[in-house]
Amino acid sequence: MREAFVSLYPLKCFWQNSFNSELLYNVICRKLHIESSTIPTMASFRTLLGGFTLICEGKLDFGSFCIQRTIIDVINLVFLFVFYLLLFVCSVRKLQRSVVNKRDRISIVVSICCTLISILYLSVGLWNLIARIGEFNGLIWLIELVRGLIWISLSVSLLVRTSQPVKIFISAWWVSFALLVSVLHIEILFRTHRIEIFDVLPWPVNILMLFCAFRNFIDLTKEHESLSEPLLEEKEEKYQIEVCEANFFSKLSFSWINPLLSRGYLRPLALEDIPSISAEDESSLAYQKFAYVWETLIREKSSIDRRNLVLRAITKVYFKENIIIAVCVILRTISVVALPLLLYAFVNYSNQEEENLQKGLVLLGFLIVSKVVESLSQRYWYYASRRSGMRMRSALMVAVYQKQLKLSSLGRRRHSTGEIVNYIAVDAYRMGEFPWWFHSTWSLVLQLFMSMGVLFSVVGLGAIPGIVPLVICGFLNMPFAKIIQKCQSEVMISQDERLRAISEILNSMKIIKLQSWEDKFKSLIESLRGKEFKWLSKQQFLRPYGTVLYWISPTIVSSVVFLGCALFGSAPLNAGTIFTVLATLRSMAEPVRMLPEALSILIQVKVSFDRINTFLLDDELRNDEVRRFPLQNSDKSVTVEAGNFSWVPEIAIPTLRNVDLEIKRGQKIAVCGPVGAGKSSILYAMLGEIPKLSGTVSVFGSIAYVSQVSWIQSGTIRDNILYGKPMDADKYDKAINACALDKDINSFDHGDLTEIGQRGINMSGGQKQRIQLARAIYNDADIYLLDDPFSAVDALTASILFNDCVMTALAKKTVVLVTHQVEFLSEVDRILVMDGGQITQSGSYEKLLMAGTAFEQLVNAHRDSITALGSLNGQGEGESRGIAPLMFNGCSPTKQNSEGEISVKGPPGIQLTQDEEVEIGDVGWKPFMDYVSISKGSVYLSLSILTQLTFVVLQATSTYWLAISIQIPNMTNSMLIGVYTGVATLSAVFVFFRSHYAAHLGLKASKAFHSGLTNAIFKAPMLFFDSTPVGRILTRASSDMSILDFDIPFAFVFVAAGVTEVLTTVGIMAFITWQVLIVAILAMVAVKYIQGYYMSSARELIRINGTTKAPVMNYAAETSLGVVTIRAFNMVDRFFRNNLKLVDTDATLFFLSNAAMEWLVLRIETLQNLTLFTAAFFLLLLPKNQVTPGLVGLSLSYALSLTGTQIFASRWYCSLWNYMISVERIKQFMHIPEEPPAIIEDNRPPSSWPSKGRIELQELKIRYRSKAPSVLKGITCTFQEGNRVGVVGRTGSGKTTLISALFRLVEPASGKILIDGLDICSMGLKDLRMKLSIIPQEPTLFRGSIRTNLDPLGLYSDDEIWKALEKCQLKTTISALPNKLDSSVSDEGENWSVGQRQLFCLGRVLLKRNRILVLDEATASIDSATDAILQRIIREEFSNCTVITVAHRVLTVIDSDMVMVLSYGKLLEYDEPSNLLATNSSFSKLVAEYWSSCRRNSYQNFSSYQ
């Protein structure tokens, strides 16, 4: 038998080393009759294994009842484990709708019985544990507890409702348990003829469970027969669940978001899948609360002391809910600070000689409670603070939007559209994180002081020296944070400048391409980016120093504290002291590192509050500017008495002076005068938009307003015409017909559902103006204010609009028409002639014609241009009069005579402006590979990961040294502290290089992606800008670029850091207690699964959120540009409601993204806390003296940080994946199809080209997309050198497309354009466009000075610029300005009238003086007199040039050498105008129609005047 024991000795070693089951060993010895005293005895039994034989008295006989009961218990444990695993999976995938089936009373009764049996088993087990009944039956208490757990789980399984597979599994469990127990009990009765009470009580319940199982199988069969419809109803019910309706457990565990995550896991989420925000979180409610408090504070505070009103209002509204958050923050802080004390207690417990399991279990209980409280309180803090922030954000976004609807003209001058958008996009948006940072700031201070208290309680006076380096590190953080903040603010300032420039460039891209200024403006963007990049580089290279300070400060402080302990002898340098100090310093490091950042962000928030405060207190439109009365029976529409108005009240000379005006109901009033006379201002006075200095303005009835610069919303044509009114088909058709829109709409593939691009980019100027007119007519107002609505349309269309719209559709309405078209003046009731801000003349056409002066000049200019027709063939006045009868005998023009128009760009079935393209689903590692490959940063990424690994190894080595060195007998304190400090300090060097390489990686990527995006944008064809809203491009250049600049490079490093630290932590824990590895591996696998599950939805939420923010900003910008029209139509409330919807949609994504993150973190914390609890439990079960206290402290100190490290890794992992969406989005625009190259080196034209200016069109066909119909259909003709060619045709007939083809904004589908014999498609775009000059249809000015607008490339002297200004009639105006050529031009030239802007464009071409000049509706917005002067200047200055004039005024092209007539994209006629007039040509009809539209009876007036 002795020999037999030799073979058993390894068994003893195995148990001792693994589970330490000494009793099992003793039992075996006793069976073999071996004295256990002859073998080295083991410590007391502390593990679970060996239970079979201990309970069953060492008998391994499978026929014994004890073994059979144990087998049943094991089977039940397997079922129990799988059951909870399935429940966990189901809880991840979907919300359990109902815990209890209220109709099933049997299940409830059986469940209660199971609970009672469970209580019985648990009570007996706990009693046995405490009393330690029986020397031999040491594990009876555990078996009883396990059976109690099994029965309570059976109780849960009876109540829970879940999917069919789980239901089948549960039923199988009940059946197997009931059958096995019944067989056992029958066997016991058969063999012993008796049964114990513990067997009798559960048996009937097992029989009832068997019955429930069979009933389940029957129910499943029935459910299968009617499966589909109930599931659909269930799905709808789940989708409607909101957080405010969820139960307490659902809110605590964030289970209310499960339906959304389940849907996102099954398929990619779309915006339609996102539930609407709960009523208590809606922006309307948030704004109402804020507005009420704001108004109260405004009334209470004097006009002097109005600082911080926004902050006070927000505080007053959200104070109560933040008190609850503060309680959670305090609980979390206490829990975090208590952890080092628990570590101290655990290490001291392991130092004790006597065994006291109860004390150990109490410590474990405290640890569990502490971690659970920390987890739940922190999750609620994060979630609730961001929810509160979302409400603040929504309230302020809506408040800013509402304010801009009320802002006066003075306020609008102080706050540009871009600034207002910034108040929403930056300042208000920042409030989403404000409560979190606010609570973080004070809680970090509290945590710091409480941790210092813990430190003093553990080491006493030894902590005093440690305060010195702690304070030094804290103070070092302050200047460092200030430098970082300075860099950050400079980056933001530079970024604002760059984005303002990009926005302006994108809005003016057509003129930039026409003038070939891409290189100039691209270099501007690059220089602005260079300035931004300088500060970005400085900030990124400073960050590694902050990282070093963060990691080295605990090392220095702990070393000094250890030294203090050794010097003062206040505490022994044992495991308890050392690892408690390290854990405490770790909790102190967080405040030291984060406080400067938190304070910096709070300062930024304060700045945002101040900016919003200033804006909300700015000047509003006063209600007393205009007195409004209902129409009723008054015969008046508008009266102005002694009115003086000024855009700038401080200026001595008002904009409008001494205005006395009375407009009767139903009158048609025309306002005319030269450029800058104040014509538009008088309409603004009637609208109440211009500040009134004195006098009264009264308006009787509702107003409809048509602005001079068309204001069109993004949306369909129908939406723009209805303008929020309900659809009335009859009225709608009349409005369309009256505005000559019927043919346009019929030619569009989508009819009136055609999408209009941003700012009407895909509509011609005439179409936009007519849509505006249709909107006004459909509105059915009493008074119509029309600001030069005919300048953008051709003569016939203008005539149709005047007759059918103004004179017919609005026959019974009051109309005030500002116009340069003198031909319509004879038809109106009264004419107001304005000059210098005054009404110089007022009366009927005949009366003013006889009076002379200013009106005489206007009519003379018009008459001269008309009578010029008679001298075309040298025939004199006679022929002119001969033509006259032809004109006047014709009837008034009608739409039936008008030609068709070109359809909107785009193939059938495709809208021009399409939904934003987004990636869908998991795109794998492709964005990561793109990021690394485009930036060429693989070396830096590899070095960064390598240095991180080295850092983690050195950190682990330093703490391991502390754990083992304290057990070495002769180890001196100086050696212990010195080695630790040296190794830990060395690790800080590697962490510096880790961050340094990450900064290099990020900067390389930022440079590469920005350069690629900028190049792609400037090389993109014009069609891209026609079909892509500016907001889409701007979000990539702003928010997406910021993520590449700041977040992605360090996210890579943080993910690597988190993963390596988690693996190191688990490795150290497993080194001490290898059993924890089983739980840790399972936990990590579950974490990976949950992360993947979460990412399926989170990825799409981020992507969708990327498309919901831009509409809020675009809508705000759109509203700012059209606020005058919105107020005129009294549509403020509708726009406000629409904005609320957009804000709510954006807030929903913010809310759900944060809630989903907390859902993820809570589950990860739960899993890793299980690992922590398991490690602590096994440390309790370790035999005394097997593991040193130092290793216990090491294991626990790492275990306590496991949860935080895992969350850190998971957060950054998920964030990195979300950040990669920005890489996708930018890369998407880096691969736009390019337009042809700017320069083709092998095919450059001669420097003198074009020397003549001869243009040949050969079978030219143009289409905008490959499958779209042709817009120009085989045009062939030649423009001879030096000729003046007029191009005429109806609106949309292809005139502008011809010019686009000449400048190659769109490439020919077939055919050629030759200039001086060279095919323009064979050369580079820059070589072509630099040799052509153009004055575009829509005049474009850039923010800057007059000089930079006339000469962007800096090629001309001041003298040349002044000569050009003199020729284009601007010298007098600009000479009067204080800064002359350096006078400012605001965004889009808003501080200059539209006519003056067109004169600036003329000045550009006068400087450029190319051989070919194109005038595209160049004088549409100026009066006839100025037009005549400019036409004379163009004839003189460009006498040897080929001039192509596209004009709506026939008289502008009547003296051309050749006239081209286009219709339906075809060339109808091309000949000299005299030849065309001599025949019954289309051109002669156009001229006749124009004359007819000039006046049907005014020829006699002209004659009489002569």
Side-chain angles (χ1 to χ4, degrees), residues 95 97-98 233-261 263 269-295 313-325 379-380 382-402 424 428-429 431-432 434-436 1097 1101 1104-1105 1108-1109 1111-1112 1115 1133-1159:
L95 180 65
R97 276 185 60 216
S98 173
E233 291 172 1
E234 183 180 352
K235 179 180 177 182
E236 184 65 24
E237 185 180 345
K238 288 178 186 176
Y239 185 65
Q240 295 299 327
I241 290 176
E242 294 183 344
V243 59
C244 55
E245 298 172 358
N247 57 45
F248 175 75
F249 176 78
S250 182
K251 288 180 179 178
L252 197 66
S253 62
F254 298 97
S255 298
W256 54 267
I257 202 174
N258 281 350
L260 183 69
L261 297 180
R263 185 171 297 145
L269 290 173
L271 186 58
E272 298 75 29
D273 298 316
I274 308 300
S276 58
I277 201 164
S278 59
E280 61 190 30
D281 292 322
E282 286 180 353
S283 55
S284 57
L285 180 62
Y287 173 69
Q288 286 169 18
K289 291 179 180 178
F290 172 79
Y292 175 77
V293 176
W294 172 261
E295 293 297 335
I314 286 291
T315 304
K316 204 167 182 179
V317 173
Y318 297 102
F319 180 76
K320 289 182 181 178
E321 65 186 53
N322 277 274
I323 288 293
I324 301 170
I325 298 170
R379 297 287 63 76
Y380 183 80
Y382 280 44
Y383 162 73
S385 62
R386 288 193 169 101
R387 189 180 188 187
S388 180
M390 175 192 71
R391 292 170 179 170
M392 294 178 192
R393 186 184 84 173
S394 296
L396 292 179
M397 288 171 76
V398 174
V400 170
Y401 184 85
Q402 175 76 330
I424 295 174
Y429 231 73
M431 300 307 152
F434 162 59
W436 187 89
S1097 300
L1101 288 174
I1104 296 169
N1105 199 18
T1108 59
K1109 182 178 177 180
V1112 178
Y1115 199 71
D1133 290 341
R1134 184 176 77 86
F1135 275 78
F1136 180 70
R1137 288 194 301 272
N1138 289 343
N1139 182 64
L1140 289 178
K1141 292 176 185 175
L1142 292 172
V1143 171
D1144 280 340
T1145 303
D1146 189 45
T1148 303
L1149 273 300
F1150 174 84
F1151 174 65
L1152 291 175
S1153 296
N1154 284 309
M1157 175 58 79
E1158 300 312 318
W1159 177 96

*asked:* Tell me if a side-chain donor or acceptor on Ser1153 pairs with a main-chain N or O of Leu1149 at a distance below 3.5 Å.
replied: yes

*State, yes or no, whether a side-chain contact exists between Phe254 and Tyr380 at a heavy-atom distance under 4.5 Å.*
no

*Which atoms form the tightest heavy-atom contact between Ala1156 and Leu261, and what is the distance?*
CB-CD2, 4.3 Å

_Taking every non-hydrogen atom, the tightest pair across Asn322 and Ser388_ = ND2-OG, 3.2 Å

*Partner set under salt bridge (charged side-chain N to carboxylate O under 4.0 Å, His left out) for Arg393, not counting sequence neighbours*: Asp1146

*Those residues that, when tested against Glu295, pass salt bridge (charged side-chain N to carboxylate O under 4.0 Å, His left out) (two or more places apart)*: none

*asked:* Is there a side-chain contact between Ile274 and Leu1101 in this structure, where contact means two heavy atoms from C-beta onward sitting under 4.5 Å apart?
replied: yes

*Answer whether the closest heavy-atom distance between the side chains of Asp281 and Thr1148 falls below 4.5 Å.*
no

Output a table of donor-acceptor pairs, distance under 3.5 Å, between side-chain atoms of residues 1137-1144 and any protein atom two or more places apart or on a different chain; print 'none' if there are none.
| residue | atom | partner | partner atom | Å |
| --- | --- | --- | --- | --- |
| Asn1138 | ND2 | Tyr1115 | OH | 3.2 |
| Asp1144 | OD1 | Ser283 | N | 2.8 |
| Asp1144 | OD1 | Ser283 | OG | 2.9 |

_Gly432 versus Phe1150, closest heavy-atom pair with distance_ = O-CZ, 3.8 Å

_Residues that Thr1145 engages under side-chain contact (heavy atoms from CB on, under 4.5 Å), provided they are two or more places apart_ = Leu271, Thr1108

_Pro275 to Leu1152 - nearest heavy-atom pair and separation_ = CD-CD1, 4.2 Å

*Find out whether Pro435 and Glu321 are in side-chain contact, i.e. whether some heavy atom of one side chain is under 4.5 Å from a heavy atom of the other.*
no

*Report the residues that fulfil ring pair (Phe, Tyr, Trp, His ring centres under 6.0 Å) with Tyr382, sequence neighbours left out, ordered by chain and then residue number.*
Trp436

_Pair Met390, Ile277 - check side chain to side chain contact (heavy atoms under 4.5 Å, CB included), show working._
CA-CA 11 Å; Met390 175 192 71; Ile277 201 164; 3.9 Å; yes

_Point-to-point distance, once rounded to the nearest 0.5 Å, from CZ of Arg379 to CG of Leu252_ = 12.0 Å

*Nearest 0.5 Å please: distance from the CE atom of Met392 over to the NZ atom of Lys289.*
11.5 Å

*Please name the pair of heavy atoms, one in Ala428 and one in Met397, separated by the smallest distance, quoted to 0.1 Å.*
CB-CG, 3.6 Å

*Taking the side chain as every heavy atom from C-beta outward, state whether Glu280 and Arg387 have any pair of such atoms under 4.5 Å apart.*
yes

*Out of curiosity, Leu260 CG to Trp1159 CH2, how far, rounded to the nearest 0.5 Å?*
11.0 Å

_Within-4.5 Å side-chain heavy-atom neighbours: Ile314 and Met431_ = no

*Of all heavy-atom pairs between Ser255 and Pro259, which one has the smallest distance, and what is that distance?*
O-CD, 4.1 Å

_Interatomic spacing from CD1 in Ile424 to OH in Tyr401 - rounded to 0.5 Å_ = 8.5 Å

*By ring pair (Phe, Tyr, Trp, His ring centres under 6.0 Å), which residues pair with Phe1136, not counting sequence neighbours?*
Tyr287

*asked:* Does any part of the side chain of Arg386, heavy atoms only, come nearer than 4.5 Å to the side chain of Glu1158, both counted from C-beta?
replied: yes

*Under the 3.5 angstrom rule, does the side chain of Ser250 hit a backbone N or O of Trp256 as a donor-acceptor pair?*
yes

